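Data block below; observations after.
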2 protein chains.
Amino acid sequence: MSIARQGRQPIWQQIADELRAQVVDGTFSAGEQLPTEVELTERYGVARNTIRQAMTALVNEGLVVPRPPRGYFVRDRRPMFYRPQAEFREQPASPEMDRFLMEHSTEGRSPRQTIDVAIEAPPAEVRKRLNLAPDELVVVRKRTRYLDDEPFHTNDSYYRLNLVKDTEIMRPEDVARGVNQVLSEIGYPQTRALDEIYIRMPTPDEARRLDLPPGTPIACHICTGLTDEGVPVRVVVNVLPGDRHVIVYERTKSNNGSDEDR
Amino acid sequence: MSIARQGRQPIWQQIADELRAQVVDGTFSAGEQLPTEVELTERYGVARNTIRQAMTALVNEGLVVPRPPRGYFVRDRRPMFYRPQAEFREQPASPEMDRFLMEHSTEGRSPRQTIDVAIEAPPAEVRKRLNLAPDELVVVRKRTRYLDDEPFHTNDSYYRLNLVKDTEIMRPEDVARGVNQVLSEIGYPQTRALDEIYIRMPTPDEARRLDLPPGTPIACHICTGLTDEGVPVRVVVNVLPGDRHVIVYERTKSNNGSDEDR
DNA sequence: GAGTGGTCTAGACCACGTA
DNA sequence: ACGTGGTCTAGACCACTCG
């Protein structure tokens, strides 16, 4: 059997469409292996490069992952909930939400993290948000979190050096009391925050650090913590692989605003 | 001049790295044209397919966009703020945030939208969130919003058919009073919401509807609106191209929760 | 008509994990 | 040792737009 180009649709796209449909409808289910490249060249009667173009497209859509020298496999997404509001509001607002949120809990996967503390010149996007002088330095706590020894996300917290230089924030361990407590004690309690969420493809560095398969976009969650008076006290940059996270916010009447629809 | 494979690094990757660095450091700035494929084959002394592999990588990273038959150009991102909290809280919590949020305002770009209303069997993710019986139908208002005639995002709102069937929600126009007002009047005021944000590559359908260049991930923002008692009254599915949006949330002490850091 | 990227072919050799 | 995907070559023709 073979395939011909009809109309404007390239052959590789027709092949990709066919395979994608089979993945979506469950002919190939999550984790399952797809036909090999040679099988497909024979089935469709085209050159291997054409097959590769189809497969590359599916890989870049995040639908399929190549695992040489085994073959192509259907990717499975098991995103976990990521809740920026989690720490200050320990409990969800209601039982229904609670149940919902627990559906995909950690489920016995073993967490682990590394912490590196350094003094650095801040990247531009941090300097701007912390309102720093051009040459001012920051303390950064760089974390990579793992689940079952697989990288899960990164979390880099930036602080003004002259604010925190004599506190335990400088130590490469968990701060038992919580960093907010420390900030309060030095006179800069964080009472407000601004979350910005950028959606983009990872840089090669990020892809390496998080061991991201091709076709995995990330959310870059930048959280600026402020005092009541609007003084920025820290900036947290989280890089969240899209295949492992769902970002969740709860809103109630007082702080609400649905995406109003008229 | 030519290039050779050294170590484990493929040639196409070395070329991609070199071009990426030049884009990042401003040698090629946003909107500017990169060298053509033939120029690059000559400069590096490799086959065109090898150059194409490098360019394809940059395209899938979202860094570069091919505009045949002109050449490759550096992509420019001008994301606008997208604020799920916007409607109920008209004003930002403080002047600093206000200034910050206004920095990238609409700036005189002309908005436009299309609205289609239909009665449908809901997709599974909507049926689940609306708590519907397997055969229950929904009313859906599908919107595509444009800025300067370019698609910006989509916004599909789903309602139980038997709830809204005699209201103006069924009409393919803006609801002047606001949909929340209508929901209140029929006895189901929305006072809470749950936002879920999924990060992934677009489906081919989504890419077509939003005219997305390759290498553009999307955020799928699913907002479930609930009454005080936890009855879901509507589900809104927003598809937000990553190159055109930054999602923003503000948090204050009462509803806060920074990404706590210990 | 010239030049661009898009598509496609037919071959070659390689690194790597599994059997 | 075998089979997989990964890399790379050297060609060919196409559709499209611009000058």
Side-chain angles (χ1 to χ4, degrees), chain A residues 2-19 28 31-61 63-75 204 207-208 211-215, chain B residues 2-19 28 31-61 63-75 204 207-208 213-215:
Chain A
S2 123
I3 198 171
R5 180 162 183 174
Q6 33 194 343
R8 303 230 176 295
Q9 187 94 328
I11 293 176
W12 67 264
Q13 232 174 74
Q14 297 177 46
I15 297 173
D17 287 348
E18 211 167 301
L19 291 172
F28 302 110
E32 205 168 327
Q33 179 168 8
L34 270 57
T36 65
E37 292 181 353
V38 268
E39 270 172 42
L40 291 171
T41 59
E42 289 159 4
R43 175 185 315 180
Y44 290 108
V46 297
R48 181 156 84 107
N49 275 348
T50 305
I51 294 297
R52 281 184 65 74
Q53 202 167 356
M55 299 313 279
T56 302
L58 297 179
V59 166
N60 285 322
E61 284 172 31
L63 208 66
V64 147
V65 66
R67 268 209 294 269
R70 308 278 306 283
Y72 291 93
F73 292 79
V74 179
R75 213 162 136 168
R208 208 174 310 115
D211 193 22
L212 300 178
Chain B
S2 128
I3 198 171
R5 181 161 182 172
Q6 33 193 343
R8 302 234 176 292
Q9 186 92 328
I11 292 176
W12 68 264
Q13 235 175 69
Q14 298 178 45
I15 296 172
D17 287 348
E18 210 167 301
L19 291 171
F28 302 111
E32 206 169 327
Q33 179 168 8
L34 268 59
T36 65
E37 291 182 353
V38 267
E39 268 171 44
L40 291 171
T41 59
E42 290 159 2
R43 174 183 315 177
Y44 291 108
V46 297
R48 180 155 86 107
N49 274 350
T50 305
I51 295 296
R52 281 184 67 73
Q53 203 167 355
M55 298 315 279
T56 302
L58 296 180
V59 166
N60 285 322
E61 285 172 29
L63 207 65
V64 147
V65 65
R67 270 210 294 270
R70 308 279 307 282
Y72 291 94
F73 293 79
V74 178
R75 216 163 134 167
R208 208 174 310 114

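Below, chains carry the letters A, B, ... as their sequence lines are ordered, and counting in each starts from 1. Note that the structure is a prediction, hence the values are computed from the model and not measured.
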Compare the minimum distances between each of C:dT9, C:dG17, D:dC18 and the side chain of B:Arg70, then state the nucleotide with the smallest one. D:dC18
Please tell me which of the listed nucleotides, C:dG5, C:dC16, C:dT9, lies nearest to the side chain of A:Val46? C:dT9
B:Ala47 or A:Pro35: which one's nearest nucleotide on DNA chain D is closer to the 5' end? A:Pro35
What is the distance, to the nearest angstrom, from the [atom1] atom on [X] to the [atom2] atom on [N]?
{"X": "A:Asn49", "N": "D:dA12", "atom1": "CG", "atom2": "P", "result": "17 Å"}
{"X": "A:Phe73", "N": "D:dT4", "atom1": "CZ", "atom2": "C1'", "result": "10 Å"}
{"X": "B:Glu37", "N": "C:dG5", "atom1": "CD", "atom2": "P", "result": "5 Å"}
{"X": "A:Gln13", "N": "C:dT7", "atom1": "CD", "atom2": "P", "result": "7 Å"}
{"X": "B:Ile51", "N": "C:dT7", "atom1": "CD1", "atom2": "C1'", "result": "18 Å"}
{"X": "B:Ile11", "N": "D:dG6", "atom1": "CD1", "atom2": "P", "result": "17 Å"}
{"X": "A:Asn60", "N": "D:dG6", "atom1": "CG", "atom2": "P", "result": "12 Å"}
{"X": "A:Arg52", "N": "D:dT4", "atom1": "CZ", "atom2": "P", "result": "13 Å"}

Within the 4.5 Å heavy-atom criterion, are A:Asp17 and A:Gln14 side-chain neighbours or not? no
Is there side-chain contact between A:Ile15 and A:Val46, with at least one heavy-atom pair below 4.5 Å?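 Yes - at least one pair of side-chain heavy atoms lies under 4.5 Å apart.
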When the nearest nucleotide of DNA chain C is assigned to B:Leu34 and to A:Pro69 on a heavy-atom basis, which residue is associated with the more 5' position? B:Leu34
Is B:Thr50 close enough to D:dC8 that one of its side-chain N or O atoms is under 4.0 Å from OP1 or OP2 there?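 Looking at the OP1 and OP2 atoms of D:dC8, neither is under 4.0 Å from any side-chain N or O of B:Thr50.
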Look at the side-chain N and O atoms of A:Tyr72 and state whether any lies under 4.0 Å from the OP1 or OP2 oxygen of D:dG6.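 Yes.
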Any side-chain donor-acceptor pair under 3.5 Å between B:Tyr44 and B:Glu18? yes
Taking all heavy atoms of B:Arg48 and all of B:Thr41, pick out the closest pair and write down the distance. CA-CG2, 3.5 Å
Which heavy atom in A:Phe28 sits nearest to a heavy atom in A:Gln33, and how many Å separate them? CD2-O, 3.9 Å
Identify whether any heavy atom of A:Arg48 sits under 4.0 Å from a base atom; if not, whether one sits that close to sugar-phosphate; answer base, sugar-phosphate or nothing. base
